[in-house]
Amino acid sequence: MLFRSLREIRLNEEEELKKKYQEALEYLKEFGEISEARHANRILMSAEDLATSRKEFEDSKKKLKSDLKKCTAFVKKIRTGGAWSMKPEDIVRDASALNLSRYVEEVVAALLETKMKLTDLPVCLVLCKAMHQRYPAFLSALMTGLWSVIHGKSTEETGKLRRIYVRLLTEFIDRKSTRLNSSHA
């Protein structure tokens, strides 16, 4: 009887250990995927790749949709937060189908006006990357707006946004410093 209960305890502990081991493996796999995605983004944001993607955009700009209705609907989707529920590839596809050259400032304003949550950050980063790859003025306008919120007067609402904006800025700064370091090597 005592032997059976000790054996059951041991089996339960082994099962729990296996479960924790699987959870650890899943966590490491997820961390590895995130790390690989960040590395791939850093490579894509190199100066040469930016120049190439901007040239490709300029060459194909006339083929893209630039009508007022579709472009303002896209900006509204960002402003209302509807874009954050989309899959990252869907928002990139939407942005890639439009010529937003005249709407860069509006997209930046919409990003700054939306009530973003920390969970919205991955989709926001993908959108910002897609915009930066096409429009040279996008990142500087966005950085200016982000810094004004971070360094502005603190309110309850801006306090929550600051955390998100700081995370967003660190992604851009990290990419920029990686690009600078790789060009000095």
Side-chain angles (χ1 to χ4, degrees), residues 26-27 29-146 149 157 160-161 163-176 178-179:
E26 289 173 13
Y27 176 78
K29 182 180 177 184
E30 184 178 319
F31 181 77
E33 289 170 355
I34 290 170
S35 179
E36 287 176 17
R38 281 187 171 173
H39 181 69
N41 279 336
R42 286 184 189 121
I43 291 170
L44 286 174
M45 299 300 277
S46 70
E48 299 85 27
D49 288 331
L50 278 175
T52 303
S53 66
R54 287 177 180 163
K55 178 155 178 29
E56 288 172 3
F57 169 69
E58 287 298 322
D59 293 342
S60 67
K61 187 166 41 173
K62 292 183 181 181
K63 298 175 189 172
L64 300 174
K65 298 173 188 170
S66 59
D67 59 292
L68 180 68
K69 185 176 180 181
K70 292 191 188 287
C71 291
T72 54
F74 181 76
V75 172
K76 184 178 180 183
K77 192 184 299 185
I78 296 169
R79 184 172 283 124
T80 60
W84 312 137
S85 63
M86 297 174 70
K87 292 179 182 176
E89 56 272 5
D90 291 341
I91 198 160
V92 169
R93 186 187 66 236
D94 286 357
S96 298
L98 299 171
N99 178 2
L100 298 166
S101 299
R102 298 180 186 158
Y103 301 92
V104 171
E105 293 292 326
E106 287 185 48
V107 171
V108 169
L111 282 167
L112 296 172
E113 289 173 16
T114 187
K115 297 193 189 293
M116 201 179 312
K117 298 177 215 142
L118 201 54
T119 56
D120 302 333
L121 197 59
V123 177
C124 179
L125 280 169
V126 169
L127 173 64
C128 290
K129 181 183 126 189
M131 292 292 292
H132 178 58
Q133 285 179 323
R134 291 173 166 229
Y135 310 104
F138 175 78
L139 192 59
S140 62
L142 181 64
M143 294 285 230
T144 302
L146 293 175
V149 171
E157 189 172 317
K160 294 174 184 176
L161 283 176
R163 181 174 149 201
I164 296 166
Y165 289 172
V166 167
R167 295 266 309 257
L168 191 60
L169 279 172
T170 56
E171 286 291 327
F172 293 132
I173 291 169
D174 187 32
R175 287 189 181 120
K176 192 172 188 176
T178 302
R179 191 171 51 231

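In what follows, residues are counted from 1 in the order of the sequence shown.
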Colleague: Distance-only check: which donor-acceptor pairs under 3.5 Å involve side-chain atoms of residues 104-112, not counting sequence neighbours?
Modeller:
none

Colleague: Do Thr114 and Arg79 have side chains that get closer than 4.5 Å, going by heavy atoms?
Modeller: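 No. Closest side-chain heavy atoms not under 4.5 Å.
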Colleague: Check this for me: Glu89, atom CD, are more than 12 non-hydrogen atoms of other residues, nucleotides or ligands nearer than 6.0 Å?
Modeller: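 Counting neighbours around CD of Glu89, more than 12 heavy atoms of other residues, nucleotides or ligands fall under 6.0 Å, so yes.
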Colleague: Looking only at heavy atoms, which two atoms of Asp120 and Lys115 are closest? And how far apart?
Modeller: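 Between these two residues, the closest heavy atoms are OD2-O, 4.3 Å.
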Colleague: Under a 4.5 Å cut-off applied to non-hydrogen side-chain atoms, are Leu142 and Tyr165 in contact?
Modeller: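 Side chain of Leu142 against side chain of Tyr165, heavy atoms only: no contact under 4.5 Å found.
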Colleague: Supply the atom-to-atom distance Cys128 SG to Met143 CE, rounded to the nearest 0.5 angstrom.
Modeller: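 It comes to 10.0 Å.
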Colleague: Does Lys61 pair with Glu58 as a salt bridge, N-O distance under 4.0 Å?
Modeller: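 Salt bridge present between Lys61 and Glu58.
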Colleague: Taking all heavy atoms of Ala83 and all of Val123, pick out the closest pair and write down the distance.
Modeller: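 In this case the closest contact between Ala83 and Val123 is O-CG1, 3.6 Å.
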Colleague: Search all heavy atoms of Ser96 against all heavy atoms of Leu64 and return the closest pair with its distance.
Modeller: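 The answer is O-CD2, 3.2 Å.
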Colleague: Would you sort out whether Leu98 and Tyr103 count as a side chain to side chain contact (heavy atoms under 4.5 Å, CB included), showing the intermediate values?
Modeller: CA-CA 10 Å; Leu98 299 171; Tyr103 301 92; over 6 Å; no
Colleague: Between Arg93 and Asp90, is there a side-chain N and carboxylate O pair less than 4.0 Å apart?
Modeller: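 Salt bridge flag = yes for Asp90 with Arg93.
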Colleague: Can you tell me how far the CG atom of Asp94 sits from the CG atom of Leu127, to the nearest 0.5 Å?
Modeller: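 Reported to 0.5 Å precision, the distance equals 10.0 Å.
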Colleague: What distance separates Met116 CE from Leu121 CG, expressed to the nearest 0.5 Å?
Modeller: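 It comes to 7.0 Å.
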Colleague: What distance do Lys70 atom NZ and Asn99 atom CG have between them, rounded to the nearest 0.5 Å?
Modeller: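 The CG atom of Asn99 is 14.0 Å from NZ of Lys70, to the nearest 0.5 Å.
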Colleague: Taking side chain as C-beta onward, heavy atoms only, is Trp84 less than 4.5 Å from Ile78?
Modeller: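 With C-beta onward as the side chain, the pair touches.
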Colleague: Would you give the length of the straight line joining atom NZ of Lys87 to atom CD1 of Ile91, rounded to the nearest 0.5 angstrom?
Modeller: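 Here the rounded value is 14.0 Å.
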Colleague: Please answer whether the main-chain N or O of Ser66 pairs with a side-chain N or O of Arg102 as donor and acceptor at a distance below 3.5 Å.
Modeller: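 Between the backbone of Ser66 and the side chain of Arg102 there is no qualifying donor-acceptor contact (under 3.5 Å).
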Colleague: Give the minimum heavy-atom separation between Arg54 and Gln133, together with the two atoms involved.
Modeller: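 Here Arg54 and Gln133 meet closest at CG-O, 2.9 Å.
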Colleague: Between atom CG of Leu146 and atom CG of Leu169, what is the distance when rounded to the nearest 0.5 Å?
Modeller: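 Here the interatomic distance stands at 4.5 Å.
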Colleague: Quick one: list whatever passes salt bridge (Lys or Arg N to Asp or Glu O under 4.0 Å) with Arg134, sequence neighbours left out.
Modeller: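 Arg134 satisfies salt bridge (Lys or Arg N to Asp or Glu O under 4.0 Å) with no other residue.
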Colleague: For a quick test of reading the model, state the closest non-hydrogen atom pair linking Leu100 to Cys71 and the distance between them.
Modeller: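 For Leu100 and Cys71, the tightest heavy-atom pair comes out as CD2-SG, 3.9 Å.
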Colleague: Quick one: list whatever passes ring-ring contact (aromatic ring centres under 6.0 Å, His included) with Tyr135, sequence neighbours left out.
Modeller: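 Result, ring-ring contact (aromatic ring centres under 6.0 Å, His included) vs Tyr135: Phe57.
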